Amino acid sequence: MAEEDLRQKRLNKIERLREAGCNPYPERFERTHRLNEACQLEEGTEGVRIAGRLTAFRPFGKLSFGRLQDIHGSMQIAFQRDLIGTETYQLIKKTIDIGDFIGVEGEVFRTKTGELTIRVAHHEFLGKSLRPLPEKWHGLQDRETIYRQRYLDLIASPESRERFLLRTQVIQTLRRYLDEHGFQEVDTPILCNKATGALARPFKTHHNALNMEVFLRIAPETYLKRLIVAGYDRVYEMARCFRNEGMDPSHLQDFTMLEYYAAYWNYEDNMRFTEELFRFMLETCLGSLQIEIAGETIDFSKKWKRVSLREGLLEETGIDVDECPDADALRERISAAGIEIEKAGTLGRGALIDSLYKKTVRKKLIQPTFLVQHPIDLSPLARRSDKDTNLTDRFQLVVAGWEIVNAYSELVDPIDQRNRLEEQAALRAAGDDEAMELDEDYLLAMEHGMPPISGWGMGIDRIVTLLTGQDNLRDVVPFPLLKNL
RNA sequence: GGGGGCGUAGCUCAGGGGUAGAGCAACGGCCUUUUAAGCCGCAGGUCGGAGGUUCAAAUCCUCCCGCCCUCACCA
């Protein structure tokens, strides 16, 4: 009721403004500067017109200070009774509220405390608010409100503004780097017939006009590779993807993945490119190759470690997967080592290796590490290694125990691909609903011929989470999905 | 889905069986240099919801809703 009371008082102010001939919701306002530009101006500059949300108001009898703010910056404004007249001054004091959008025109001056300020000659209400803002120095603390009403968090928290601006900058920087290295940005379908390109459960929906079941993509991979068939030699997509799996601090169902594909590269070329790309991104966005995460300095400047899945497991668990030629042998070794893996009995050898890795090795990989050479049955779209046909030429970049990048030399042999997808289809038929579907349309494209390719995918939300020192993806996604109230 | 924590004024938080509290914001005043402005005054609550125990419940119990953490599931 108190809030409703407050709202009513503000509605009354709107009426009062209308009676005084002021439109509380005008059509436009001509600015001469943005706030972050205006606060760089010379003292004495006249006719400066700025606009923003009023986030503070400190009235005195004949002089009032306010602050206009937007995502990029803020600037102080001052209303002087003797300049704008008693009537106007009183109307402002009676009708203005913290939270209102205001436009002002005036001269830049310096206050006694030395702050550049606009001395308001004219002002306009640009958007009256009806609701109060969060409290001014603790800001918004309630996680639920932060997520449900992110706009309040962004208004109240400079850290949050910085974090989301950095997200944008990271994405821009990645685009720029790829653009400058001959990649074409493309868009491929989000709604599609088959959910492929990764091992994950998709979201299903229904297409009314075509009366068919469609899926939200889990990865853009097979479409991007079709474009390589078409003659593109380097493509990328900033791809929103959807996976109908569990939700936790490092998994969201709706997330952003950057994928690129480069013809004529292998995964070694791709690792080199990845290091250069990261160096550029970190220097551009952070000005440093070292970042602090949970009290640890992560150093991207040194040569990144390379660890094969086999080496990592051997070191951490003492288990040599090469000595376990099949799932049964490996299962025995795992239980002999006293390690428990859920549903171990139902997993194949590759899946066991993967579970074992996630359970023991991954969280120990703090410094940037290329984890290489994954079992072939976990990588149905990756090229079989020439050196060991049970392995793929694949790498993941792991930082702070989080998988950030996944990449490989792509499988371009249509016959091998068909066999591998048939194996997946068999798993699927046996009840594994994350196994990949046989995708004839993709095989048809492959059979028209593909060059050597190396592809790459990075979780944008994850890298931004790390770079901003957060530990939950939701803190770098403006509006994470929550339950209905 | 299991386990744990949390939910009190618009916001930030106290209070943990005995009359519902503070600061900020709001509202009425004073104030020409504030920036967490200051001072005086005033108002604001179905204590997440529904049951129960009790002479008495924000407080104890049960269920439900929401959020967070964790485990499980999972690129």
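Keep in mind that what you see is a predicted model, and the values were worked out from it rather than measured. Just so it is clear: chains get the letters A, B, ... in the order the sequence lines come, proteins before strands, and each one is counted from 1.
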State the pairing partner of [N]; accept Watson-Crick or G-U wobble contacts with both distances under 3.5 Å, and report none otherwise.
N      : result
B:rC63 : B:rG49
B:rA9  : none
B:rG1  : B:rC71
B:rG18 : B:rC55
B:rG38 : B:rC30

**Positions of residues 186-203 of chain A (non-hydrogen atom under 4.0 Å from RNA chain B), listed by number** =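 Under 4.0 Å from RNA chain B: A:L199, A:R201.
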**Request:** Write out all pairs satisfying ring-ring contact (aromatic ring centres under 6.0 Å, His included) with one or both partners inside residues 453-472 of chain A, taking only residues at least two apart or from two chains.
**Result:**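 Non-adjacent pairs meeting ring-ring contact (aromatic ring centres under 6.0 Å, His included): A:Y260-A:W456.
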**Message:** Using the side-chain hydrogen bond (donor to acceptor under 3.5 Å, both in side chains) criterion, which residues pair with A:Y236? Sequence neighbours excluded.
**Reply:**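 Once residues adjacent in sequence are excluded, the partners of A:Y236 under the side-chain hydrogen bond (donor to acceptor under 3.5 Å, both in side chains) criterion are A:D179, A:E185.
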Measure the distance from [atom1] on [X] to [atom2] on [N] and round it to the nearest whole Å.
X     : N      : atom1 : atom2 : result
A:E4  : B:rC27 : CD    : P     : 16 Å
A:Q90 : B:rG28 : CD    : C1'   : 13 Å
A:D5  : B:rC27 : CG    : C1'   : 9 Å

**Item:** salt bridge (charged side-chain N to carboxylate O under 4.0 Å, His left out) pairs, two or more places apart, involving residues 455-482 of chain A
**Value:**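 Output for this query lists A:R143-A:D475, A:R167-A:D461.
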Answer yes or no: does a side-chain N or O of [X] lie under 4.0 Å from OP1 or OP2 of [N]?
X     : N      : result
A:K94 : B:rA26 : no
A:R58 : B:rA37 : yes
A:K13 : B:rC27 : yes

**Complete:** Nucleotide by nucleotide, nucleotides 65-71 of chain B touches protein heavy atoms under 4.0 Å in the pattern (B base, S sugar-phosphate only, - none) -SSSSS-
Considering residues at least two apart in sequence or located in another chain, which fulfil the salt bridge (Lys or Arg N to Asp or Glu O under 4.0 Å) criterion with [X]?
X      : value
A:R58  : none
A:D142 : none
A:R163 : none
A:E105 : A:R49

**Request:** Tell me, please, which residues at least two apart from A:F370 pass ring pair (Phe, Tyr, Trp, His ring centres under 6.0 Å).
**Result:**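 Counting only residues at least two positions away or on another chain, A:F370 forms a ring pair (Phe, Tyr, Trp, His ring centres under 6.0 Å) with A:W304, A:F395.
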**Contacts of type ring pair (Phe, Tyr, Trp, His ring centres under 6.0 Å), residue A:F79, not counting sequence neighbours** =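 Per chain and number, A:F79 pairs via ring pair (Phe, Tyr, Trp, His ring centres under 6.0 Å) with A:H123.
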**Message:** Reading RNA chain B from 5' onward, which residue's closest nucleotide shows up sooner: A:H374 or A:R67?
**Reply:**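 The answer here is A:R67.
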**Item:** Donor-acceptor pair present, A:Q76 side chain and B:rU34 base, under 3.5 Å
**Value:**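 Checked by distance alone, the answer is yes.
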Between the protein and nucleotides 20-25 of chain B, are there any N/O to N/O pairs under 3.5 Å, and if so, what are the atom names and distances?
{"residue": "B:rG23", "atom": "N2", "partner": "A:E135", "partner atom": "OE2", "Å": "3.3"}
{"residue": "B:rC24", "atom": "O3'", "partner": "A:K136", "partner atom": "NZ", "Å": "3.3"}
{"residue": "B:rA25", "atom": "OP1", "partner": "A:K136", "partner atom": "NZ", "Å": "2.8"}

